[in-house]
Amino acid sequence: MTDESVNPGPEPRRKTPETREEEAHRLHRWESSGRSDHRGGVPGRHAGGSTSAGLDVATRPDPAAPMSSVAQTGATGRATTSGPGRARRQRRRGWSTRLLGAAGVLGMLLTWEIVPRTGFVNERFMPPASEAIGGLISNFGLTQFWIAVLDTMHAWALGMVIAVALAVVLGFIIGTSPFLRRFTNSTIEFLRPVPSVALIPLAVLLFGFDIESSLMLIVYACFWQVLIQVLYGVADVDAVAMNTARSYGLGPVARIRYVIFPTALPYLMTGVRLAAAVALILAITAQLVIGTPGLGAEIASAQSGGNYVAMYALVLATGLLGVLINLVMRMIERKVLSWHSSVRTEVAA
Amino acid sequence: MKYIRSALHIVALPLILLFIWFISTLGEPNFFIPTPQQLVETFINTWTADRFLGDVFPSLGRLIVGIALSIVVGIVGGLLIGSFRWLRALLEPTLEFFRAIPPTVLIPVLMLLVGVGDDMKVSVIVLGAVWPILLNTIEGVRSMDEVLADTSRTYGMNRVNTVRYLILPSAMPQIMAGIRQSLSIALILMVISEMFASTEGLGFAIVQFQRSFAIPEMWSGIALLGFIGVLMSFIFQLAERWILGWYHGLREIEQSA
């Protein structure tokens, strides 16, 4: 197999410059980095803190492209809509966009209100929006609801931590050795597309209704998402930067810390963001199908109990939870990568 | 020599893993884990022509219909929404919310609204798999190269030709990325939708095996699902190479330049 197939995840590199401005901006940075390289003759400066900064300018114009360009959406990550051009445009037409968006949501709710009221759909099977939202609001006052949310988030968080830790460790080990990459390629390629829900029966047999069965599904699904991204990121390390670090006498640990890690971090964060959405899906799916406690189990019991208003309210709650997780992950990504050129330009613009 | 080496790289680890599996099941028969020979035998005995006709093909049929519908709806809707800025602004928050809902929770909802038949299963697949394609198409249309757009306008291309020769090709890389994600979601939803109020299908069969403690059969079902997943990703890669061949070629030239 060629090296191409090692990384079948969504193509992380920027494919085309989004706008001409951006391209010009990139060229400008390229030039200025060249200048600074000529100027700087102090070895300490290079070997120390500036390694990552030097890297992201000189070697690849836009290393964080994966986050902002190609549709890196994972099972449910959102379509990426960030980028410098976008930020600028948004500020210009921010208000009208927001108003239109609100109008869209209102229109949707209004349709949902009217359709059952006019009897187009049975009102019992599809309660009007006002009732579902009322149910959601009254849920906010119930301990049972919050316990279900906590259970869901508990499984989500635990699964994420295990999956990310495993994937990062294995990804760095496999990624830094060309032999291991070739050696594991076929196995990874084979195991990755196996749908995690195929493991549901196994999880039920092994763990029954305990949280472990949700964890097993979550970890399996998220592990591949993150691993592939880490492998991609580690493979993206620039040879020149690596050789530079070597000639400056950086040991293996320092090389990982100052060369490989900064290069792989944007990829890792993309993987984590995608995995966060997948983990929520699987947590709720496991609760729905297996019956481990949480929002999914609440939905199943509301449905079988014929309490359809509560069911719609809970479905809305899962949607809100999904939006919330997306927003928080995006914020974390921005914080962690605040040093990174892609985020910096977005703020500066 | 080179070919032998690369072939060795491909088969080495799977063989080692198989060997470990073989060794570890040699001793006491484990209730949960069948031996390799046992699994192969069960697989052949379980997934007979009858079962393929009764369970596997209906499942795959729903899967294919669901994926095809998602692709059509996603691309057409995406082209439409992506082409008009006001429409995008109007719908984006709503779409973001819908895609944030875990698709599996829609199964109980759709069971009420559509019933429990094939319609429900296909609509679950579509409602889950359409979002990556739709949102990626919107994004692909949006981030079109402005020079190309201006050029085609200057040359007086009509609407149909613009879509055919400008918008679709330039959005295609993103659309394909969306389809890739949709495929795995669709497969997951196919299995899950068959675990509810179903009497046939792959998901139903596997759960049935598990409930009757037919452990080797259950494993063989899991293996079959795995094969389907691998096969789908293989077919997708072929299709992508064919559809996006021009694009990969372009990038190679750009990178070597």
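None of the values given here were measured: they were computed from a predicted structure.
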Minimum heavy-atom separation for B/I101 to A/G319, with atom names? CG1-CA, 3.5 Å
Residues at least two apart in sequence or cross-chain that pass side chain to side chain donor-acceptor pair (under 3.5 Å) with B/W219, listed by chain then number, are none
Hey, are the side chains of B/V11 and A/S186 touching, using non-hydrogen atoms and a 4.5 Å cut-off? no
For each of A/V197, A/L109, A/V194, A/L320, tally heavy-atom pairs with chain B at distances under 4.5 Å, and name the one with the top tally. A/V197
B/I107 versus chain A, the contacting section by heavy-atom distance below 4.5 Å: neither
4.5 Å side-chain heavy-atom contact, B/M218 and A/L202: yes
Which answer fits B/L8, side chain, backbone, both or neither, if we ask what part of it has an atom under 4.5 Å from a heavy atom of chain A? neither
Looking only at A/Q303, A/M126, A/Q287, the option with the highest number of non-hydrogen pairs under 4.5 Å against chain B is A/Q303
Relative to chain A, which segment of B/F209 carries a heavy atom at a distance below 4.5 Å: side chain, backbone, both, or neither? neither
Could you grab the distance from atom CG of A/L282 to atom OG1 of B/T104, nearest 0.5 Å is fine? 8.0 Å
Any A/V315 side-chain heavy atom under 4.5 Å of B/P108 side chain: no
Take B/V109 and A/M311, measure what side chain to side chain contact (heavy atoms under 4.5 Å, CB included) needs, and give me the verdict at the end. CA-CA 8 Å; B/V109 175; A/M311 186 186 83; 3.7 Å; yes
Within the structure provided, determine whether A/I200 and B/M195 are in side-chain contact (heavy-atom separation under 4.5 Å). yes
Measure A/L205 against the heavy atoms of chain B and call it side chain, backbone, both or neither at under 4.5 Å. both
Whatever's closer than 4.5 Å to a heavy atom in chain A on B/M232 counts as neither
Residue from B/L91, B/L17, B/V191, B/I192 scoring the most non-hydrogen pairs under 4.5 Å with chain A is B/I192
For A/L316, is it the side chain, the backbone, both, or neither that has a heavy atom closer than 4.5 Å to a heavy atom of chain B? both
Has B/F19 got more than 12 heavy atoms of other residues, nucleotides or ligands less than 6.0 Å from its CZ? no
A/V204 side chain reached by B/V207 side chain, heavy atoms, under 4.5 Å: no
First locate atom CZ of B/R85, then atom OG1 of A/T97, and finally report the distance between them rounded to the nearest 0.5 Å. 8.5 Å
Most contact-rich option vs chain B, by heavy-atom pairs under 4.5 angstrom, among A/G104, A/G322, A/P201, is A/P201
Any idea which of A/L206, A/T285, A/V105 has the most non-hydrogen atom pairs under 4.5 angstrom with chain B? A/T285
Which one of B/L134, B/I175, B/L112, B/L250 has the most heavy-atom pairs closer than 4.5 Å to chain A? B/L112
Which pair of non-hydrogen atoms, one from A/P193 and one from B/S233, has the smallest distance, and what is that distance? CG-OG, 3.9 Å
For atom CZ of B/F98, decide whether the heavy atoms of other residues, nucleotides or ligands shown that lie under 6.0 angstrom number more than 12. no
Part of B/F196 lying under 4.5 Å from any heavy atom of chain A: side chain
Contact class of B/L225 relative to chain A, heavy atoms under 4.5 angstrom: both
Heavy-atom pair count under 4.5 Å with chain A, highest-scoring of B/I138, B/I215, B/L113: B/L113
Per-residue contact mode, B/I188 against chain A (heavy atom under 4.5 angstrom): both
Toward chain A, the part of B/I133 with a non-hydrogen atom under 4.5 Å: neither
Among A/F190, A/F179, A/Y312, the residue with the most heavy-atom pairs under 4.5 Å to chain B is A/F190
Could you measure the distance from the CG atom of B/L95 to the CE atom of A/M108? Nearest 0.5 Å is fine. 10.0 Å
For B/E194, which residues count as a salt bridge (charged side-chain N to carboxylate O under 4.0 Å, His left out) partner, sequence neighbours excluded? B/R62
